[in-house]
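The basis for the numbers below is simple: all heavy atoms, side chains too, and nothing from hydrogens, waters or symmetry mates.
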Amino acid sequence: MNQISSISSEPIAFSPDAEQQVLGAALVAVSSLSEISSHGGAELFHDPVHQGIYELMREKHKRGELVSPVSLADWANEHPGVKELGGAPYLVRMAGAAVSRSQLPYQCEFLADLRAKRGVYDAVRAVQDDIRAGDAACDVILARLDAAISAVDVKGQAQTVSMLKAVTIAMENAIAAQSGDFKGIVPTGIESLDEYVGGFRSGELILLGGRPSMGKTSVALNVALNAARAGHPVIICSLEMNPEAMAVRAISEQTAQHHKAVAYRDILGGNVVDWQMEAVAEAAREIAALPIQFLTREFSDIGSMKAGVIQAQKAMGQKAALLVIDYAQLLKTQAKSRYEQITEISIELKALAGKMGFPVLALSQLSRALEQRDDKRPMLSDLRESGQLEQDADTVLFCYRDEYYLEREKPEFDDIESMTGWEDAMKRSRNKLEIIVAKQRQGPIGTANVMCNVALNRIWERV
């Protein structure tokens, strides 16, 4: 009978015998790898040595090579962890202890359950650390615990959905859409973009990427303001700028709506005359009435962000329809490497959108590598540090302004011909913004061509 062993000063759910029996089954019959993979693969094994053995077997099988104690013997005799356990003879002993093919699924389920228990243990331990530190509020700690527990893959937690139920929901949405009631959809309010994406849907993760000064904050803020003006409650998690900075940009955009445009830098610098200050005050009153709540930098991990969302919804007295995060790479995780951090952020943002039942629009920085290309329009491969972002996102949008790059290529004044060509190119690109739909699960890709004044955070349609 399997026992739960302790590998540290505190108890952790771990069965070395079960792990050996499952690995032994794969050493005896390589077809067992598919069963192991379907239950979690390397994550089933708590012992890092066992994880390494599994990964090696999987890679050899993928390359079409023989998987057996004999074919792995040289590696086992050289690997420090396996060598400490006896080297190649350790693999032979595992093969001898292999669980039968008929019992393998049950043993894999047992290991999956232990893995889930380790996840719960880690979540509880993290909460204990938070309590000891004394910095976080109780509701933030509880939200972090809830988020961590929700992320645990518990056997039997998933529920199947019949075709009847799926078709019923699909038809309800179709009938509602025909009558103009787009359930769970928040239009961006940017007509050219909505022609492509049709708005953002509940449970979706939308990435909005761009290099600095490309207009992604302008686009995100416009989407948030347009949604709020249409009566959709919006939460903005402002990790790069404080809420006051976002608010003054919103006020500037509102002044432009009334054709009394005042740049936000002029508002901040006090460079306004009386009539402009009156326009700013009027815009401020209108913006203040919108159903928008801000989360500050203190809500910088998924758990605390969820607590902030709950607080914001209570403050607004209604469920949020859209969450905007500025920007994804500033979120914090417990992962060590940057690659692991971005991967975890991506997975958790997608899970958050699904669990909270609203679309999440997350801004994302892009790799500097695109600056070295002649055509600097972003591509999916420019998403920084992890392919997981591209994989998890339902929609990927990029912002691109040719004007920005042309401004930095101004020729010398004595080169008349080049200067004339440059001026013509600047006129053609002035205030033009491309919103590139690079990925979309539910629709086409393409480019929405709009106008943008970044000094006003103003976006409007091309004539």
Close side-chain approach of I287 to R229, heavy-atom, < 4.5 Å | yes
Nearest 0.5 Å please: distance from the CD atom of E434 over to the CZ atom of R377.
-> 4.0 Å
Pair D382-S367, side-chain donor/acceptor within less than 3.5 Å | no
Which one of L363, L193, I436 satisfies the side-chain contact (heavy atoms from CB on, under 4.5 Å) criterion with L397?
-> L193
State, yes or no, whether a side-chain contact exists between W460 and V450 at a heavy-atom distance under 4.5 Å.
-> no
Any donor and acceptor pair, going by atom type alone, linking the side chain of D394 with main-chain N or O of L205 inside 3.5 Å?
-> yes
Checking salt bridge (Lys or Arg N to Asp or Glu O under 4.0 Å) for the pair D122/R118: CA distance, chi angles, key distance, verdict?
-> CA-CA 6 Å; D122 289 341; R118 291 195 296 271; over 6 Å; no
Sub-4.5 Å side-chain heavy-atom contact between R249 and E244 = no
Hey, are D424 and R428 close enough for a salt bridge, meaning a charged N less than 4.0 Å from a carboxylate O?
-> no
Cation over ring, R297 on F299, under 6.0 Å and within 45°?
-> no
Please step through side-chain contact (heavy atoms from CB on, under 4.5 Å) for the pair V396 and L380, ending with a clear verdict.
-> CA-CA 8 Å; V396 179; L380 290 172; 3.7 Å; yes
Do side-chain atoms of H39 reach the backbone of E35 as a donor and acceptor pair under 3.5 angstrom?
-> yes
Taking side chain as C-beta onward, heavy atoms only, is L322 less than 4.5 Å from I235?
-> no
Any donor and acceptor pair, going by atom type alone, linking the side chain of Q51 with main-chain N or O of F45 inside 3.5 Å?
-> yes
Salt bridge (charged side-chain N to carboxylate O under 4.0 Å, His left out) partners of residues 312-332, not counting sequence neighbours, each pair once = none
So do the side chains of V234 and P291 get within less than 4.5 Å of each other, counting heavy atoms only?
-> no
Heavy-atom closest pair (D194 atom, G189 atom, distance to 0.1 Å) is OD2-N, 3.0 Å
For S252, does its backbone N or O pair with a side-chain atom of T255 as donor and acceptor, under 3.5 Å?
-> yes
Starting from the C-alpha separation in whole Å, work towards a yes-or-no answer on side-chain hydrogen bond (donor to acceptor under 3.5 Å, both in side chains) for S192 and E461.
-> CA-CA 7 Å; S192 298; E461 299 294 327; 2.2 Å; yes
Distance-only, no hydrogens or angles: does the R285 side chain make a donor-acceptor pair with backbone N or O of A289 under 3.5 Å?
-> no
Please assess N449 against K432 for the test side-chain contact (heavy atoms from CB on, under 4.5 Å), listing each intermediate value before the final yes or no.
-> CA-CA 7 Å; N449 294 294; K432 290 183 178 179; over 6 Å; no
Going from CG on L208 to CD1 on I325, what distance comes out if it is rounded to the nearest 0.5 angstrom?
-> 12.0 Å
Side chains of F14 and D47 in contact at under 4.5 Å (non-hydrogen atoms) = yes
Under 3.5 Å donor-acceptor, R211 side chain and L366 backbone | yes
Count the heavy atoms of every other residue, nucleotide or ligand shown that sit under 6.0 Å from CD of E191, and state whether that count exceeds 12.
-> no
Do the side chain of R408 and the main chain of Y404 share a donor and acceptor less than 3.5 angstrom apart?
-> yes
Is there side-chain contact between M305 and L295, with at least one heavy-atom pair below 4.5 Å?
-> yes
Any side-chain heavy atom of I342 within less than 4.5 Å of one from Q329?
-> yes
Could you walk me through whether C237 and L239 pass the side-chain contact (heavy atoms from CB on, under 4.5 Å) test, one step at a time?
-> CA-CA 6 Å; C237 185; L239 302 175; 3.7 Å; yes
Taking atom NZ of K60 as the centre, report whether more than 12 heavy atoms of other residues, nucleotides or ligands fall under 6.0 Å from it.
-> yes
Check the side chains of Q254 and R458 for a donor-acceptor pair under 3.5 angstrom, ignoring hydrogens and angles.
-> no
Side-chain donor-acceptor pair under 3.5 Å between E204 and T395, yes or no?
-> no
Begin with the C-alpha distance, continue with both residues' side-chain angles, and end with the deciding distance and a verdict on side-chain contact (heavy atoms from CB on, under 4.5 Å) for E240 and L330.
-> CA-CA 8 Å; E240 185 173 41; L330 290 178; 3.9 Å; yes
Donor-acceptor under 3.5 Å (R401 side chain, S213 main chain) = yes
Basic-acidic side-chain contact under 4.0 Å: E59, K62 = yes
Look at the side chain of N226 and the backbone N and O of N222, then say whether any donor-acceptor pair between them is shorter than 3.5 Å.
-> yes
Would you call R430 and E403 a salt bridge, taking side-chain N to carboxylate O under 4.0 Å as the test?
-> yes
Judged by atom type as modelled, is there a donor-acceptor pair below 3.5 Å linking the side chain of S202 to the main-chain atoms of P359?
-> no
What's the verdict on salt bridge (Lys or Arg N to Asp or Glu O under 4.0 Å) for R373 and D375, showing C-alpha distance, side-chain angles and the deciding distance?
-> CA-CA 5 Å; R373 300 198 298 260; D375 185 351; over 6 Å; no
If you measure only the distance, is there a donor-acceptor pair under 3.5 Å linking the side chains of E371 and Y405?
-> yes
Kindly indicate whether a cation-pi arrangement holds for K376 with Y400, taking the cut-offs as under 6.0 Å to the six-membered ring centre and within 45° of the axis.
-> no
